[in-house]
Amino acid sequence: MLLPIPNVLNLEQLTTVRELIESSRFVDGRLSAGVTARKVKNNEEIPQDAQAINQLNNIVMNALYNHPTYQAAVFPHRVATPFYARYTPGKAYGDHVDDPVMGPMGGRYRTDVSTTVFISDPDDYEGGETVIRTQFGDRKVKLAAGDAITYPSGSLHHVAEVTKGTRLVAVTWAQSMIRDADKRELLYNLHKTRESLQKKYPDDDEVVKIDHTYINLVRMWTEI
């Protein structure tokens, strides 16, 4: 499921995040890439030992992890510390599939869901779309600052070349309690329907049955 999540970061949070990023040093993004991705990756990233990383994570990851849409769609079990990436003119990230397992030894996690949080306004740069290949064709994604996009980590995708301006994003991955992407999508759709019906008919017996069905499907499909 390819799902936009609006308003992950508010204006105040975006302002602080941008200030922290602007005051940070960047290194070659290929240093964090796997063997295959390293051949097509061309961006810059803030190193994980940078002074601002903890502050950035406290803002970005708390906002993302606690966002109700992210919780309902991703069912996060383990969430990775994000990479804060910068794309200036000429930078791009060619077609690749995210590594299936990430993290240090003793803290490994399976990557089920990838998420990009957009930090730059779309008018601040040209090009730089996240392009995700789906069974219905390529989907180009360039969202408002503060919005995020989630998609299955096994999807073939790339970042188009930036031709003007600067693209800033935070990229993270999650191991989901619901490993199967189709099941996650079914549960998310059922969750949205359940929420709507609960608001309209809070005491209806059929709505209670739908609620129980959702709960027990989560129980049936959860892997932790």
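Please read all numbers here as calculations on a predicted model, not as lab measurements. Positions are given from 1, in the same order as the sequence printed here.
- Across Pro76 and Gln71, no two heavy atoms sit closer than the pair CG-NE2, 3.7 Å.
- Atom CG of Leu168 is separated from atom CG of Asn43 by 11.0 Å, given to the nearest 0.5 angstrom.
- Side-chain atoms of Ser114 and Asp98 form a donor-acceptor pair, as typed in the model, at a separation below 3.5 Å.
- The two residues Asp112 and Ser176 make their nearest non-hydrogen contact at OD2-N, 2.8 Å.
- Once rounded to the nearest 0.5 Å, the distance linking CZ of Arg86 with OH of Tyr125 reads 15.0 Å.
- Judged by the 6.0 Å and 45° rule, Arg78 forms no cation-pi pair with Tyr109.
- To the nearest 0.5 Å, the span separating CD on Gln51 from CG on Leu20 amounts to 9.5 Å.
- Across every non-hydrogen atom of Leu143 and Pro4, the tightest pair is CD1-CB, 4.2 Å.
- Taking CG of Asn66 as the start and CE of Met61 as the end, the distance is 10.0 Å to the nearest 0.5 Å.
- When only modelled atom types and interatomic distance are considered, Glu45 and Ser32 share a side-chain donor-acceptor pair under 3.5 Å.
- What you find for Thr115 and Thr150 is that their closest heavy atoms are OG1-CG2, 3.3 Å.
- Between Trp173 and Ser153, the shortest heavy-atom contact is CD1-OG, 4.0 Å.
- Residue Arg25 comes nearest to Val27 through the heavy atom pair NH1-CG1, 3.6 Å, listed as atom of the first residue, atom of the second, then distance.
- The OG1 atom of Thr213 sits 7.0 Å away from atom CG of Asn216, with the distance rounded to the nearest 0.5 Å.
- There is no path of hydrophobic side-chain contacts, each under 4.5 Å, that joins Leu3 to Ile132.
- Looking at Thr88, its side chain never comes within 3.5 Å of a backbone N or O of Thr166 through a donor-acceptor pair.
- Neither Val141 nor Ile5 shares a network with the other; the hydrophobic side chains, linked directly or stepwise wherever heavy atoms of I, L, V, M, F, W or Y lie under 4.5 Å apart, form separate groups for each.
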